[in-house]
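One structure below.
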Amino acid sequence: MARTSSDAAQKRHDTGEASPRPKARLDLFKFVPFRLNRLAAEVSSALAVEYQERHGLDIPAWRVIATLGFRNDACSAQYISQCTRTHKSTISRAVTMLLHEALIERVENAADRREFRLQLTKKGRALYEELFPQLLRREDEILTCLSAQERKQLSTLLGKIEQSLDLIQTSEEADAKQAY
């Protein structure tokens, strides 16, 4: 009678012999999606200190302000959700809070009067203009572990990954497509 591989495995198990090869495991600390997610969360938290402590904004609220701040015109909450990869209900709560704080306002969409778009108020624009230089300084602090050449390489490599995933990479590209 022929022995099968399961017979051999059972014999090794019964006699306490080790398997010829260990079971493969996913090492999360070498898994790029895990590493990128962890880095994004840590960097986002480090930047959040700038706007949470001084202005009481949480990360989703800052994402709304930042998205509206870099745009030349008003946009929908759906655009913000897609652009920031933040769930629409999370963006909706942030929008409600920012409307209440008069940092953003709704404006009628000229192309579709049933839809409202969002834009920064003067108060919201002033906050954005105050915060983004601070955040850029904090970004520089975070990246001090990289040389200028390494920063350029990092930007290039991230751009290649974004491109391979068909992600919009510039505000001009986003404006031209009128969508994210």
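Numbers for residues simply follow the sequence, beginning at 1. This is a predicted model, so every value here is computed, not measured.
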Looking at Arg137 and Glu141, is there a salt bridge between them, counting it only when a charged N and a carboxylate O are closer than 4.0 Å?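 Answer for the salt bridge query: no.
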Please check if the side chain of [X] supplies one atom and the backbone of [Y] the other of a donor-acceptor pair under 3.5 Å.
{"X": "Gln169", "Y": "Gly159", "result": "yes"}
{"X": "Ser164", "Y": "Ile161", "result": "yes"}
{"X": "Ser155", "Y": "Arg151", "result": "no"}
{"X": "Ser45", "Y": "Ala41", "result": "yes"}
{"X": "Thr121", "Y": "Leu103", "result": "yes"}

Is there a chain of hydrophobic side chains (I, L, V, M, F, W, Y, each step under 4.5 Å between heavy atoms) that links [X] to [Y]?
{"X": "Val43", "Y": "Ile65", "result": "yes"}
{"X": "Leu47", "Y": "Val49", "result": "no"}
{"X": "Leu143", "Y": "Leu39", "result": "no"}
{"X": "Met97", "Y": "Leu99", "result": "yes"}
{"X": "Val64", "Y": "Val107", "result": "no"}

Of all the heavy-atom pairs spanning [X] and [Y], show the shortest one and how long it is.
{"X": "Leu98", "Y": "Ala61", "result": "CD1-O, 3.6 Å"}
{"X": "Ala46", "Y": "Ile142", "result": "CB-CD1, 3.9 Å"}
{"X": "Ile80", "Y": "Thr84", "result": "O-OG1, 2.8 Å"}
{"X": "Gly69", "Y": "Leu120", "result": "CA-CD1, 3.6 Å"}
{"X": "Tyr128", "Y": "Pro133", "result": "O-CD, 4.5 Å"}
{"X": "Gln82", "Y": "Arg85", "result": "O-NH1, 2.5 Å"}

How long is the straight-line distance from [atom2] of [Y] back to [atom1] of [X], given to the nearest 0.5 Å?
{"X": "Arg63", "Y": "Thr90", "atom1": "CZ", "atom2": "OG1", "value": "9.0 Å"}
{"X": "Thr67", "Y": "Ile104", "atom1": "OG1", "atom2": "CD1", "value": "10.5 Å"}
{"X": "Arg125", "Y": "Gln119", "atom1": "CZ", "atom2": "CD", "value": "9.0 Å"}
{"X": "Thr86", "Y": "Ile59", "atom1": "OG1", "atom2": "CD1", "value": "9.5 Å"}
{"X": "Asp73", "Y": "Arg117", "atom1": "CG", "atom2": "CZ", "value": "6.5 Å"}
{"X": "His55", "Y": "Glu101", "atom1": "NE2", "atom2": "CD", "value": "12.5 Å"}

Evaluate the criterion side-chain contact (heavy atoms from CB on, under 4.5 Å) for residue pair Arg93 and Thr96; output intermediate values, then yes/no. CA-CA 5 Å; Arg93 284 190 296 277; Thr96 299; 5.7 Å; no
Residue pairs involving residues 32-45 (criterion salt bridge (Lys or Arg N to Asp or Glu O under 4.0 Å); sequence neighbours excluded):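 Checked against salt bridge (Lys or Arg N to Asp or Glu O under 4.0 Å) - neighbours excluded - no pair reaches residues 32-45.
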If you apply the rule side-chain contact (heavy atoms from CB on, under 4.5 Å), what do you find for Arg106 with Leu118, and how did you get there? CA-CA 5 Å; Arg106 286 189 175 114; Leu118 303 167; 3.8 Å; yes
Counting only heavy atoms from other residues, nucleotides and ligands, does the tally under 6.0 Å from CD of Gln78 exceed 12?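 Incorrect, the count does not exceed 12.
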Looking at Leu167, Ile168, Leu157, which one forms a side chain to side chain contact (heavy atoms under 4.5 Å, CB included) with Glu162?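 Between Glu162 and the candidates, side chain to side chain contact (heavy atoms under 4.5 Å, CB included) is satisfied uniquely by Leu167.
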Trp62 vs Tyr51 aromatic rings, parallel, tilted or perpendicular, using cut-offs 30° and 60°?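 Judged by the thresholds at 30° and 60°, the geometry between Trp62 and Tyr51 is parallel.
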